[in-house]
2 protein chains.
Amino acid sequence: MAVDVTEDTQTQRLNLDDQVAHLLRRAHQRASSLFLSVLGEHQLTPTQFFAMARLHERGQLSQNRLGRLAAMDPATIQGVIRRLEERGYIQRTPDANDRRRMVLTLTSRGSELVSGLLNHADTVSESILEPLDAQERGLFLDLLRRVT
Amino acid sequence: MAVDVTEDTQTQRLNLDDQVAHLLRRAHQRASSLFLSVLGEHQLTPTQFFAMARLHERGQLSQNRLGRLAAMDPATIQGVIRRLEERGYIQRTPDANDRRRMVLTLTSRGSELVSGLLNHADTVSESILEPLDAQERGLFLDLLRRVT
DNA sequence: CGGGGATTGCGCGTATACGAAAGATGCGGA
DNA sequence: TCCGCATCTTTCGTATACGCGCAATCCCCG
């Protein structure tokens with residue numbers, strides 16, 4: 001954390017390149033880009049894939065609940081779901097017990113697509129971490145999980 | 001969160017929550033949110049602040065070059081610059097030597113704003129890393145830089 | 001010196017992302 | 001039972017983010 005005092009009006013200050021928000025933005029950029037280079041042929045964005053994978057994992061879910069499980073704002077998940085429904089990957093039916101809710105289910109097409117892509121997704125995770133060796137990867141994942 | 005191999009066609013697979021792209025997206029979300037909670041009163045997004053900070057650091061720059069230095073796509077930086085210019089923080093003048101270019105400069109208002117916020121930005125970096133102790137922070141920054 | 005590839009900036013289209021607010025519905029306590 | 005508050009979903013507005021195509025300009029190389 002060597003920070004040098006530049007001896008001007010302000011006190012010691014971090015280098016711009018050490019801004020954590022900036023580093024995280026760039027890492028996220030790179031991750032999304034790698035994801036699209038692997039799964040892009042199926043026209044799925046990282047967000048879309050993750051929403052479908054969560055649904056595949058949990059079965060039926062309400063829209064809001066899926067949003068929480070996928071870390072997406074209700075306003076955001078709405079558009080994601082709408083586009084996936086338009087493409088025939090997700091089905092939305094009214095909840096019989098609670099008329100505020102819509103129940104989401106993967107269609108067979110959607111289910112097959114996700115199953116087939118889960119392995120590719122793991123490949124993406126590996127390529128993101130490619131600059132690190134095995135021990136560092138575990139360490140990084142642990143730290144990243146705690147910062148999230 | 002116990003996910004077990006479900007004994008189907010596929011082999012052992014990572015937990016969904018270990019998808020690196022997803023973890024990075026969430027970390028980025030949290031970082032942006034913390035940034036806005038500290039600098040939001042000045043109506044500056046992380047991206048806008050970083051673009052201005054780079055300009056403050058380097059002086060005059062062309063639009064494309066600023067984009068590269070701030071890790072932003074030419075199409076993206078265009079909108080960022082346009083909004084900052086509309087708000088009077090950045091001035092765009094035609095380059096005398098290369099008529100394709102526009103030279104970007106911070107206005108005095110923009111310059112004062114950035115100077116005053118640089119310390120706050122460092123505060124944000126610290127709050128993002130708050131869950132980690134001093135040693136882990138250095139480690140995390142190092143790993144994050146290499147993954148970027 | 002002339003032509004073609006590269007660079008610069010713009011506009012369009014799509015997809016996140018989130019705050020704010022609105023409308024419908026559910027639910028618990030007085 | 002009814003009122004008020006919480007929840008679910010949608011819509012609006014703003015801002016990233018990036019691919020693609022376009023036009024103007026630059027500059028290198030033959």
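From a predicted model like this one, the values you see are computed outputs, not experimental measurements. Here is the naming used below: chain letters follow the sequence lines, and residue numbers restart at 1 for every chain.
Among the heavy atoms of the strands lying under 4.0 Å from A:T76 is at least one base atom, whether or not backbone atoms are also near. In this structure, B:R65 reaches neither bases nor backbone, as no heavy-atom distance under 4.0 Å exists between it and the strands shown. Within the 4.0 angstrom heavy-atom criterion, only backbone atoms of the sugar-phosphate kind lie near B:R92; the bases stay farther away. Nucleic acid contact for B:P74: none, since no nucleic acid atom lies under 4.0 Å from a heavy atom of the residue. Among the heavy atoms of the strands, none lies under 4.0 Å from A:R82. A:R83 comes within contact range of at least one nucleobase, with a heavy-atom separation under 4.0 Å. Heavy atoms of A:N64 sit under 4.0 angstrom from at least one base atom.
Checking D:dC26, D:dT9, C:dC18 against every side-chain atom of A:D73, the shortest atom distance belongs to C:dC18. For B:R68, the side-chain atoms get nearest to C:dT8 when compared with the rest of D:dT9, C:dG26, C:dT8. Checked against C:dG19, D:dC26, D:dG19, the side chain of B:R99 finds its nearest nucleotide in D:dC26. Closest to the side chain of B:T45, out of C:dA20, D:dC8, D:dA15, is D:dA15. When distances run from any side-chain atom of A:A75 to the nucleotides D:dG19, D:dT11, C:dT8, the shortest one goes to D:dT11.
A donor-acceptor distance shorter than 3.5 angstrom exists from the side chain of A:S125 to the backbone of B:V20, with no hydrogens or angles considered.
Contact check, A:Q48 against C:dT16: a side-chain N or O comes under 4.0 Å of OP1 or OP2.
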Verdict with reasoning, A:E130 to B:V147, per side chain to side chain contact (heavy atoms under 4.5 Å, CB included): CA-CA 8 Å; A:E130 188 269 336; B:V147 158; over 6 Å; no
Test log, rule side chain to side chain contact (heavy atoms under 4.5 Å, CB included), inputs B:R145 and B:T148: CA-CA 5 Å; B:R145 244 183 252 110; B:T148 299; 5.6 Å; no
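Judged by distance alone, with hydrogens and angles left aside, A:R100 brings no side-chain donor or acceptor close enough to the base of D:dT9 to form a pair under 3.5 Å.
In summary, the side chains of B:R87 and B:Q43 do not present any donor paired with an acceptor at a separation below 3.5 Å, with no hydrogens or angles considered. Using modelled atom types and a 3.5 Å distance limit, the side chains of A:D122 and B:Q19 yield a donor-acceptor pair.
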